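The next block holds one structure in the form of structure tokens; read it before the comments.
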Amino acid sequence: MNKRFPQNAIFAPATSLFIPHSQNDFFHPKTKGFLIQKLSESTDLFLTKLLHTLTLKLGFLSDTFTVNYIINSYVKLREINTARKLFDEMREPNVISWTSVISGYNNMGQPQTALSMFEEMNEDRSVFPNEYTFASVFKACSALAESRIGKNIHARLEVSGLRSNTVVSSSLVDMYGKCNDVETARRVFDSMIGYGRNVVSWTSMITAYAQNARGHEAIELFRSFNADSTSDKPNQFMLASVISACSSLGRLQWGKVAHGLVTRGGYESNIVVATSLLDMYAKCGSLSCAEKIFLRIRCHSVISYTSMIMAKAKHGLGEAALKLFDEMVARRIKPNYVTLLGVLHACSHSGLVNEGLEYLNSMAEKHGVIPDPRHYTCVVDMLGRFGRVDEAYDLAKTIEVGAEQGALLWGALLSAGRLHGRVEIVGEASKRLIESNQQVTSAYVALSNVYAMAGGWEDSESLRLEMKRSGNVKERACSWIEIKDSVYVFHAGDLSCDESGEIERFLKDLEKRMKERGHRGSSSTITSSSVYIDVDEEAKEEMVSLHCERLALAFGMIRLPVGSTIRIMNNLRMCRDCHEAFKLISEIVERDIVVRDVNRFHCFKDGSCTCRDFW
DNA sequence: GTAGGGTTAG
């Protein structure tokens with residue numbers, strides 16, 4: 001029998017390492033080192049299995065230290081079941097064995113199992129979680145967005161005395177952020193000042209703000225990070241979050257500064273960063289810049305395609321969005337439910353109603369995405385916008401939804417009913433909305449109006465009183481526009497700006513041009529404020545809000561000639577029957593951006609920003 | 001000397 005190890009590829013490069021030559025050598029301490037080294041390097045399942053077998057033959061399977069390496073090798077290769085089996089066979093798993101498997105479940109997208117293992121570990125009594133374990137467990141809680149469990153484990157962490165650890169605390173900040181408890185996230189973040197924060201801690205907190213619609217605080221914190229002399233430089237994780245905050249705020253200037261930082265940091269080729277940039281440009285109104293970013297992405301993902309499809313859909317370019325979807329499928333990038341939402345939005349916002357229905361009916365079979373209530377809501381909205389209210393209602397009735405999504409579904413139908421003067425549908429949708437218990441003011445107002453119209457004045461009055469008692473009062477709607485580096489806010493109903501006469505003339509001109517292009521007028525066409533007489537309260541507010549968006553646009557365009565800085569914010573969106581207006585506006589704005597950006601893009605005083613090349 | 005945290009579309 002040949003006592004030597006076979007001279008194959010596994011052993012060949014290891015000349016500097018110990019190579020066993022005799023039976024006794026198998027048990028030489030260096031053999032273990034050799035196995036461990038190979039296990040930690042392995043990126044191949046066959047090799048790991050071979051090393052696993054070798055470990056068994058050499059009698060090292062009872063050695064916790066060595067087995068941990070095998071477990072981790074399987075975890076890296078995403079063979080979680082094999083790792084778990086090996087773990088279950090261990091005589092004395094230590095905290096590292098437990099943590100490795102918990103982390104493995106996290107990596108496989110099985111946070112629930114990760115948490116079950118953590119509970120099992122706590123029952124064991126012979127082994128105790130450490131900082132590594134807590135960090136992994138909070139990551140599982142983040143993935144589940146389950147604050148009840150997270151808080152419970154946080155309490156255990158405090159008792160354990162392991163909280164003064166940057167990694168554990170950062171994972172806590174992230175966990176609270178993902179559970180929408182931003183205040184607690186901030187408290188943990190503030191408490192970290194005693195033992196140090198790093199770029200990950202800051203990113204966790206910035207992300208907590210960015211993902212909870214608190215973009216201004218995200219940007220403010222990013223500024224503090226940059227001002228803090230002990231901080232590192234922002235990296236791709238932080239920049240992606242910051243750019244996302246700029247998108248949600250529609251602040252193009254800030255987004256461009258972040259783009260400059262991306263360029264300077266060398267992160268432009270990072271797919272996540274690039275996707276966040278394209279989304280930012282699209283949401284800040286610049287579809288052409290978004291497209292430039294998109295075309296520069298070398299290795300596309302489902303998210304980059306979905307973002308671009310969404311961008312085109314929101315800008316009223318339905319057919320272009322659908323073309324992009326075809327391209328994506330042809331490139332074998334598998335669409336997911338968000339992509340299909342984008343496709344349906346594209347149909348909805350461009351009047352491609354039959355195409356939209358076709359996508360809904362074939363998406364499961366053709367793309368393996370089963371339509372969920374969000375897709376149906378989108379189609380209900382689409383049918384409603386284009387007057388097919390009965391079909392919308394019939395479809396809505398067949399959909400089983402939870403309260404939150406139900407509010408969106410019936411809200412869409414409520415709008416449709418109101419838009420097309422269908423009192424009975426408004427009544428039904430309002431009732432369903434109120435039943436959903438989602439504090440939707442519009443439902444109370446609409447139902448109250450339905451009662452009033454039917455002569456049920458007492459019912460109407462009591463409903464309004466109930467609304468006031470419950471404090472169910474909607475925030476005042478507003479629109480805003482960024483001009484140079486200032487933001488102008490327009491509140492619904494506030495038509496008092498100095499230029500109102502000029503704006504009025506501009507709107508009339510715009511309306512005329514829309515008519516020339518064959519646009520059909522409707523209740524939400526650009527009009528003067530006088531049309532609001534005899535419109536119900538809620539509809540009036542909605543219309544004023546839409547009107548103000550146009551005021552904002554008009555304001556920017558009248559005040560500033562082409563070539564100066566105009567920026568439309570992300571709440572500029574397609575609304576019913578206004579495609580033509582939107583196209584006109586987009587044309588003007590897009591042209592303006594190009595002129596402006598070629599000449600005026602400065603990110604840094606030192607001139608080191610290469611972003612100019614981009615333009 | 002083995003295990004841990006942060007990013008993008010909706």
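Note that the coordinates shown come from a computational prediction; the quantities given were computed from them, not determined experimentally. Every chain is numbered from 1 and lettered A, B, ... according to where its sequence line falls, protein lines coming before strand lines.
Atom OH in A/Tyr281 sits about 15 Å away from atom C1' in B/dT8, given to the nearest Å. Per the geometry, NZ belonging to A/Lys139 stands 4 Å off P belonging to B/dG5, to the nearest Å. Taking atom CE of A/Met238 as the reference point, atom P of B/dT7 lies 12 Å away to the nearest angstrom. Rounded to an integer number of Å, the gap from CG of A/Asp279 to P of B/dA9 is 5 Å. Atom C1' of nucleotide B/dG1 and atom CG of A/Asn72 are separated by 13 Å, given to the nearest angstrom. Rounded to whole Å, the distance from CG on A/Leu341 to C1' on B/dT8 is 17 Å. Atoms NZ (A/Lys178) and C1' (B/dG6) sit 7 Å apart, rounded to a whole Å. Rounded to an integer number of Å, the gap from NZ of A/Lys233 to P of B/dT7 is 23 Å.
Listed by chain and residue number, nothing satisfies the side-chain hydrogen bond (donor to acceptor under 3.5 Å, both in side chains) test with A/Glu123 (two or more places apart in sequence, or in another chain). By the salt bridge (Lys or Arg N to Asp or Glu O under 4.0 Å) test, A/Arg223 pairs with A/Glu220, sequence neighbours left out. A/Lys151 meets the salt bridge (Lys or Arg N to Asp or Glu O under 4.0 Å) test with A/Asp181; sequence neighbours excluded. Every residue two or more places apart in sequence or in another chain that forms a salt bridge (Lys or Arg N to Asp or Glu O under 4.0 Å) with A/Glu291 is listed here: A/Lys312. Under the ring pair (Phe, Tyr, Trp, His ring centres under 6.0 Å) criterion, A/Tyr69 pairs with A/Phe65, sequence neighbours left out. Remark: A/Glu355 engages no residue in a salt bridge (Lys or Arg N to Asp or Glu O under 4.0 Å) (not counting sequence neighbours).
Contacts of residues 125-134 of chain A with DNA chain B (heavy atom under 4.0 Å): A/Asn130, A/Glu131, A/Tyr132. Remark: A/Asn165, A/Thr166, A/Val167, A/Val168 in residues 149-169 of chain A come within less than 4.0 Å of DNA chain B through at least one heavy atom. The stretch residues 183-211 of chain A touches DNA chain B through A/Asn198, A/Val199, A/Val200, A/Ser201, A/Thr203, A/Ser204, A/Thr207, A/Gln211, each having a heavy atom under 4.0 angstrom from the strand.
Among the nucleotides B/dA9, B/dG1, B/dT7, the one closest to any side-chain atom of A/Gln236 is B/dT7. Of the candidate nucleotides B/dT8, B/dG5, B/dA3, B/dA3 has the atom nearest to the side chain of A/Ser100. Checking B/dT8, B/dT2, B/dA9 against the side-chain heavy atoms of A/Asn336 singles out B/dA9 as nearest. Distance from the side chain of A/Thr275 is smallest to B/dT8 among B/dG6, B/dT8, B/dT2. Nearest nucleotide to the A/Val272 side chain, out of B/dG1, B/dT7, B/dA3: B/dT7. You'll find that the side chain of A/Ala135 is closest to B/dG4, out of B/dG4, B/dA3, B/dG1.
Within 4.0 Å of A/Lys76, counting heavy atoms only, lies no atom of the nucleic acid at all. Contacts of A/Ser307 with the nucleic acid, taken as non-hydrogen atoms under 4.0 Å apart, involve only primed sugar atoms and P, OP1 or OP2. Residue-level contact check: A/Asn270 touches neither bases nor backbone, having no heavy atom under 4.0 Å from any strand. When heavy atoms are screened at a 4.0 angstrom cut-off, A/Asn235 is found touching base atoms of the nucleic acid.
For A/Phe222 and A/Trp202, the gap between ring centers reaches or exceeds 6.0 Å.
For residues 400-413 of chain A, the pairs satisfying side chain to side chain donor-acceptor pair (under 3.5 Å) are A/Thr377-A/Gln405, with sequence neighbours left out. Identified under the salt bridge (Lys or Arg N to Asp or Glu O under 4.0 Å) test for residues 61-74 of chain A, with sequence neighbours left out: A/Lys32-A/Asp63.
For DNA chain B, runs of at least 3 consecutive pairs of the Watson-Crick or G-U wobble type, with both hydrogen-bonding distances under 3.5 angstrom, are absent.
A salt bridge links A/Asp190 with A/Arg197; the closest basic N to acidic carboxylate O contact falls under 4.0 Å.
Using a 4.5 Å heavy-atom cutoff, the side chains of A/Arg84 and A/Tyr105 are in contact.
In A/Arg91, the CZ atom is not crowded: 12 or fewer heavy atoms of neighbouring residues, nucleotides or ligands sit closer than 6.0 Å. Counting heavy atoms of neighbouring residues, nucleotides and ligands inside a 6.0 Å radius, atom CD of A/Glu358 does not exceed 12 of them.
Contact annotation: A/Ser40 side-chain N/O to B/dT2 OP1/OP2 distance is not under 4.0 Å.
Aromatic ring pairs are classed by plane angle as parallel below 30°, tilted from 30° to 60° and perpendicular above 60°; the pair A/Phe325 and A/Tyr359 is perpendicular.
Judged by distance alone, with hydrogens and angles left aside, A/Ser136 brings no side-chain donor or acceptor close enough to the base of B/dG4 to form a pair under 3.5 Å.
Looking at A/Val242, A/Ile206, A/Asn226, A/Val199 one by one, the single match for side-chain contact (heavy atoms from CB on, under 4.5 Å) with A/Pro234 turns out to be A/Asn226.
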